[in-house]
Amino acid sequence: MPTASLSPAEPAISDKLVYLVEDDLSISRLIVTILRDYQFRCESFRTGATLLQRVRQQPPDLVIVDLGLPDMDGMAIVRQVREQQRCGVIILSGRGHVGDRVMGLETGADDYIMKPFEPRELVARVRSILRRCDKPAEGHAANPTRCACFAGWRYEMDSYKLLAADGSERTLSAGEGQMLQRFLERPNRVLPREQLLGQDDISPYDRSIDVRISRLRRKLEDDSYNPRLIKTVYGAGYLFVSKVDWV
């Protein structure tokens, strides 16, 4: 990913609060320094317990989680943060196995970055997630609290809350919520992978969207082998098949 064009700050997302949990002091200091250089507020923690306690006291805009922590597994931290908050989540790890990356995305992370990493690439990914979290639905910026009703479901855009017909609730991650929102804004139209992720430079080998689609189907109780709502259009993208009513 090119990084030379990164500007020192972006007014729309500057001053956002980022929490980092990383037990390696040298890596922690590097990340905190560069995030502050790019005008983010940043707090660092060495254990999962102290991070989770701080998240309850002061919700952040984004959390960066190292998987190899001394007191608890990073995946468990991602799961707990996702259950409590609607903030962005990035996993930062030396675990390079595809199973770890898939599990991280399945657990609710918005991105998975391998160590060693290019610091400015980390900043670019932080910015990308924060933009998605802040971006209102297209055509509905003046009324961000609108809800979409479809196929027995109700989706509340401002809280990423998905309600079933029986009243049970599923909370979506920022990435899942933005993806569902794009589907709901354009039902019964084939949407390419780049449009669903809000990115223009997706590698043809990037399978993160497939993981997110699978996770979204599961929360919508949509059979991955015979989906009725989110259909795969091979070579083109995905198709959301439903009538959508906005209330």
Side-chain angles (χ1 to χ4, degrees), residues 48 51-53 55-63 65 72-91 102-112 129 132-138 140 143-189 191 196-198 208-232 238-247:
L51 167 75
L52 292 173
Q53 181 180 19
V55 166
R56 288 189 290 269
Q57 294 170 345
Q58 175 67 55
D61 296 292
L62 184 139
V63 177
V65 180
M72 60 190 300
D73 182 68
M75 295 292 187
I77 295 174
V78 172
R79 191 176 299 110
Q80 290 190 47
V81 169
R82 181 57 65 221
E83 290 172 353
Q84 296 174 24
Q85 304 294 335
R86 55 169 290 187
C87 62
V89 178
I90 293 177
I91 289 176
V102 170
M103 182 180 296
L105 294 171
E106 287 276 8
T107 302
D110 296 294
D111 205 347
Y112 192 110
I129 292 172
R132 294 205 305 266
C133 292
D134 275 354
K135 185 177 180 182
E138 293 184 19
H140 299 293
N143 189 2
T145 60
R146 292 186 73 192
C147 300
C149 298
F150 62 96
W153 294 92
R154 177 184 174 93
Y155 178 57
E156 299 178 358
M157 292 191 302
D158 61 336
S159 60
Y160 297 151
K161 187 182 298 181
L162 184 64
L163 299 173
D166 62 3
S168 59
E169 178 182 321
R170 287 105 171 118
T171 300
L172 306 184
S173 69
E176 292 167 347
Q178 291 292 332
M179 184 175 291
L180 177 57
Q181 193 167 312
R182 291 186 176 99
F183 276 130
L184 294 172
E185 293 286 347
R186 305 166 186 84
N188 305 302
R189 291 170 54 184
L191 302 182
L196 284 169
L197 283 180
S208 62
I209 185 171
D210 304 309
V211 174
R212 291 189 177 112
I213 289 289
S214 175
R215 201 167 65 208
L216 190 55
R217 279 173 173 159
R218 187 164 57 250
K219 291 187 177 180
L220 288 168
E221 300 174 2
D222 200 19
D223 186 354
S224 293
Y225 295 101
N226 186 28
R228 60 186 178 82
L229 285 175
I230 304 176
K231 296 183 178 292
T232 303
Y238 293 92
L239 175 69
F240 186 76
V241 183
S242 179
K243 181 178 181 293
V244 179
D245 295 314
W246 293 92
V247 297

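All heavy atoms count here, side chains included; hydrogens, waters and symmetry mates do not.
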Novice: Identify, with sequence neighbours excluded, every residue that meets side chain to side chain contact (heavy atoms under 4.5 Å, CB included) alongside D223.
Specialist: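 D223 satisfies side chain to side chain contact (heavy atoms under 4.5 Å, CB included) with Y225, N226 once adjacent residues are dropped.
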Novice: Could you list the residues that satisfy side chain to side chain donor-acceptor pair (under 3.5 Å) with R170, not counting sequence neighbours?
Specialist: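 Here the qualifying residues are S168, E221.
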Novice: Quick check for you: to the nearest 0.5 Å, what is the distance between I77 atom CD1 and T107 atom OG1?
Specialist: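 Rounded to the nearest 0.5 Å, the CD1-OG1 separation comes out at 12.0 Å.
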Novice: Could you pull out all residues at least two apart from D166 that satisfy salt bridge (Lys or Arg N to Asp or Glu O under 4.0 Å)?
Specialist: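 Testing D166 for salt bridge (Lys or Arg N to Asp or Glu O under 4.0 Å), a comparison that skips the adjacent residues, returns none.
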Novice: The criterion is ring pair (Phe, Tyr, Trp, His ring centres under 6.0 Å); which residues satisfy it with Y155, sequence neighbours excluded?
Specialist: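 Residues passing ring pair (Phe, Tyr, Trp, His ring centres under 6.0 Å) with Y155: none at all.
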Novice: What's the shortest heavy-atom distance between Q80 and L52, and which atoms?
Specialist: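 Nearest heavy atoms, Q80 then L52: OE1-CD1, 3.3 Å.
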Novice: Under the side chain to side chain contact (heavy atoms under 4.5 Å, CB included) test, which residues partner R217, sequence neighbours left out?
Specialist: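 With sequence neighbours excluded, R217 shows a side chain to side chain contact (heavy atoms under 4.5 Å, CB included) to I213, D222, S224, P227, I230, T232, Y238, given in chain and number order.
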Novice: Does the side-chain contact (heavy atoms from CB on, under 4.5 Å) test come out yes or no for D111 and I129, once each step is laid out?
Specialist: CA-CA 8 Å; D111 205 347; I129 292 172; 3.8 Å; yes
Novice: With distance as the sole test, does R82 use its side chain to make a donor-acceptor pair with the main-chain N or O of C87 at under 3.5 Å?
Specialist: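 At least one qualifying donor-acceptor pair exists.
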Novice: Does V63 reach the side chain of I90, with side-chain heavy atoms less than 4.5 Å apart?
Specialist: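 The answer is no, as the side chains (C-beta and beyond) never meet within the 4.5 Å cut-off.
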Novice: Can you list everything that forms a salt bridge (Lys or Arg N to Asp or Glu O under 4.0 Å) with R218? Sequence neighbours excluded, please.
Specialist: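 Checked R218 against salt bridge (Lys or Arg N to Asp or Glu O under 4.0 Å); matches are E106.
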Novice: Does K231 have any salt bridge (Lys or Arg N to Asp or Glu O under 4.0 Å) partners at least two apart in sequence or in another chain, and if so, which?
Specialist: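 So K231 forms no salt bridge (Lys or Arg N to Asp or Glu O under 4.0 Å) with any residue.
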Novice: Applying side chain to side chain donor-acceptor pair (under 3.5 Å), can you list everything that pairs with K161, at least two apart in sequence or on another chain?
Specialist: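 Side chain to side chain donor-acceptor pair (under 3.5 Å) check on K161 returns nothing, list empty.
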Novice: Nearest 0.5 angstrom please: C149 SG to R154 CZ, how far?
Specialist: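 Taking SG in C149 and CZ in R154, the distance rounds to 5.0 Å.
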Novice: Using the test side chain to side chain contact (heavy atoms under 4.5 Å, CB included), find all partners of P187 that sit at least two apart in sequence or belong to another chain.
Specialist: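 With neighbours one apart ignored, the set is F240, V244.
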Novice: With the side chain counted from C-beta on, respond yes when K219 and L180 share a heavy-atom pair under 4.5 Å apart, and no when they do not.
Specialist: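 A side-chain contact under 4.5 Å is absent here.
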Novice: Please list, chain by chain and in numerical order, all residues satisfying side chain to side chain contact (heavy atoms under 4.5 Å, CB included) with A151, sequence neighbours excluded.
Specialist: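 Per chain and number, A151 pairs via side chain to side chain contact (heavy atoms under 4.5 Å, CB included) with W153, R228, L229, S242.
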Novice: Does a side-chain heavy-atom distance below 4.5 Å link Q178 with L196?
Specialist: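 No. Closest side-chain heavy atoms not under 4.5 Å.
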Novice: Take a 6.0 Å sphere around CE of M103 and say whether it holds more than 12 heavy atoms from other residues, nucleotides or ligands.
Specialist: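 For M103, atom CE is not crowded (no more than 12 foreign heavy atoms under 6.0 Å).
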Novice: How about W246 and L184: do any of their side-chain heavy atoms sit closer than 4.5 Å?
Specialist: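 Yes. Closest side-chain heavy atoms under 4.5 Å.
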Novice: Decide yes or no for L191 and L239: does some side-chain heavy atom of the first lie under 4.5 Å from some side-chain heavy atom of the second?
Specialist: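 Answer no - side chains too far apart.
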Novice: Please tell me if the side chains of V241 and F150 come closer than 4.5 Å, counting only heavy atoms from C-beta onward.
Specialist: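 Answer no - side chains too far apart.
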Novice: Got a second to check how far E156's CD is from L172's CG, nearest 0.5 Å?
Specialist: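 Going from CD on E156 over to CG on L172, the span is 11.0 Å.
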